[in-house]
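Everything below concerns the one structure shown next.
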Amino acid sequence: ERLEKQINFIREMDKEKFIGRQTYLSDGKRKENDAEHAWHLALMTLLLSEYANEKIDTLKTMTMVLFHDVVEIDAGDTYAYDEEGKKTQAQREQKAAERLYGLLPEDQGAKLKAIWEEFEAKNTPESRFAHAMDNLQPLMLNNSNGGGDWREHGVSAEQVYGRQRKTALGSEKLYEVTDHIIREHVEKGNLKK
């Protein structure tokens, strides 16, 4: 029964590949999905963890970024700058977490749900760095594709700064990178002033 639950959960996780995001891939030809986003964050966490403001458990942080968006299988992706969608996001995601993590054997489900809750709370070095990765990754893709999704959605520099200032809580060094990228895209006209 334990193995069956684990296999069923793994099969359910395949649905993350079908959850579209608003961020274009670096070539600007198509938008990424949640699974691609999570994989990219895990890779970034492994490579960039030395820039965390505080010492972090890298494996725990990688686990956090791999599982932080699985709730979107049920709740859907809420675009970073969708103020209306944000109003119901927490409620939708909490309901999804109950169902999805409930598919696992109780001990594993409780552990992964706790990691997801820690990510949401942003109150540990790991969760702050995980959020820095979650903010930096779409910004890097947007930089690579010439600011495509910012232009498509009419995003302003202040909106991007509103999100990216939180990057500094996990990594001041990586925030410097984001600040440089944002300034460049304001100059190029990809971000509204």
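The residues of the chain are indexed from 1 along the displayed sequence.
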Candidate pair D107 and R2, rule salt bridge (Lys or Arg N to Asp or Glu O under 4.0 Å), full reasoning: CA-CA 10 Å; D107 62 318; R2 181 177 178 83; 2.8 Å; yes
Contacts of type side-chain hydrogen bond (donor to acceptor under 3.5 Å, both in side chains), residue Q108, not counting sequence neighbours: Q6
pair N53-L169: side-chain heavy atoms closer than 4.5 Å: no
CG on L191 to CH2 on W150, rounded to 0.5 Å: 5.0 Å
S156 backbone acceptor or donor facing Q159 side chain under 3.5 Å: yes
Atom pair OG1/CE of T45 and M64 - distance to nearest 0.5 Å: 10.0 Å
By side chain to side chain contact (heavy atoms under 4.5 Å, CB included) - contacts of R183 (at least two apart): Y161, D179
pair F67-I115: side-chain heavy atoms closer than 4.5 Å: no
Stepwise side-chain contact (heavy atoms from CB on, under 4.5 Å) check, N135 with T178: CA-CA 9 Å; N135 292 340; T178 67; over 6 Å; no
Residues clustering with L3 (ILVMFWY side chains joined when closer than 4.5 Å, directly or via others): I7
Min side-chain heavy-atom separation E152-Q22 under 4.5 Å: yes
Minimum heavy-atom distance A132-G170, with the two atoms named: CB-CA, 4.2 Å
Residues 137-145, side-chain donor-acceptor partners within the protein, below 3.5 Å, at least two apart:
{"residue": "Q137", "atom": "OE1", "partner": "H37", "partner atom": "ND1", "Å": "2.7"}
{"residue": "Q137", "atom": "NE2", "partner": "E32", "partner atom": "OE1", "Å": "3.0"}
{"residue": "Q137", "atom": "NE2", "partner": "H40", "partner atom": "ND1", "Å": "3.1"}
{"residue": "N142", "atom": "OD1", "partner": "G148", "partner atom": "N", "Å": "3.4"}
{"residue": "N142", "atom": "OD1", "partner": "D149", "partner atom": "N", "Å": "3.3"}
{"residue": "N142", "atom": "ND2", "partner": "D149", "partner atom": "OD2", "Å": "2.8"}
{"residue": "N143", "atom": "OD1", "partner": "H185", "partner atom": "NE2", "Å": "2.8"}
{"residue": "S144", "atom": "OG", "partner": "M140", "partner atom": "O", "Å": "3.1"}
{"residue": "N145", "atom": "OD1", "partner": "G147", "partner atom": "N", "Å": "3.3"}
{"residue": "N145", "atom": "OD1", "partner": "G148", "partner atom": "N", "Å": "2.8"}
{"residue": "N145", "atom": "ND2", "partner": "Y24", "partner atom": "O", "Å": "3.2"}
{"residue": "N145", "atom": "ND2", "partner": "L141", "partner atom": "O", "Å": "3.1"}

Audit row: Q164, T167, side chain to side chain donor-acceptor pair (under 3.5 Å) steps and yes/no: CA-CA 5 Å; Q164 292 299 328; T167 298; 2.9 Å; yes
Listed once per pair and sorted, the salt bridge (charged side-chain N to carboxylate O under 4.0 Å, His left out) pairs that draw on residues 79-90, sequence neighbours left out: E83-K86, E84-K87
CA sep, side-chain torsions, deciding dist, call: E16, I73, side-chain contact (heavy atoms from CB on, under 4.5 Å): CA-CA 6 Å; E16 195 174 10; I73 290 170; 4.2 Å; yes
Rounded distance (nearest 0.5 Å) linking atom OG1 of T58 with atom CG of L48: 10.5 Å
Qualifying salt bridge (charged side-chain N to carboxylate O under 4.0 Å, His left out) pairs with a residue from residues 153-162, counting only residues at least two apart or across chains: E158-R165
Chi angles and distances behind the side-chain contact (heavy atoms from CB on, under 4.5 Å) call for M13, L100: CA-CA 9 Å; M13 292 302 98; L100 292 163; 4.2 Å; yes
Least distance between heavy atoms, A157 atom then I182 atom: CB-CG2, 4.4 Å
Gap between atom CG of L59 and atom CD of E126 - 0.5 Å precision: 10.5 Å
Gap separating the CG atom of L112 from the CZ atom of F9, nearest 0.5 angstrom: 6.0 Å
Hydrophobic cluster identity match, W39 and L47, side-chain contacts under 4.5 Å: yes
Basic-acidic side-chain contact under 4.0 Å: D14, K17: yes
Qualifying salt bridge (charged side-chain N to carboxylate O under 4.0 Å, His left out) pairs with a residue from residues 184-193, counting only residues at least two apart or across chains: none
Straight-line distance of T23 OG1 to K31 NZ, nearest 0.5 Å: 8.5 Å
Trace of the side-chain contact (heavy atoms from CB on, under 4.5 Å) decision for T124 with I56: CA-CA 9 Å; T124 62; I56 62 167; over 6 Å; no
Residues which pass side chain to side chain contact (heavy atoms under 4.5 Å, CB included) with R151, listed by chain and number, not counting sequence neighbours: N190
Those residues that, when tested against I19, pass side chain to side chain contact (heavy atoms under 4.5 Å, CB included) (two or more places apart): D34, E72, D77
Set of residues satisfying side chain to side chain contact (heavy atoms under 4.5 Å, CB included) with respect to A42, sequence neighbours excluded: M62, V65, L66
Main-chain N/O of K95 paired to E98 side chain as donor or acceptor, under 3.5 Å: no
All pairs passing salt bridge (charged side-chain N to carboxylate O under 4.0 Å, His left out) where residues 39-64 contributes a residue, at least two apart: E54-R128, K60-E118
Closest non-hydrogen atom pair between F129 and S49, with its separation: CZ-CA, 3.7 Å
Ring pair (Phe, Tyr, Trp, His ring centres under 6.0 Å): pairs with one or both residues in residues 73-119, sequence neighbours excluded: H68-F119, Y79-Y81, Y79-H153, F119-H131
Any T78 side-chain heavy atom under 4.5 Å of R92 side chain: yes
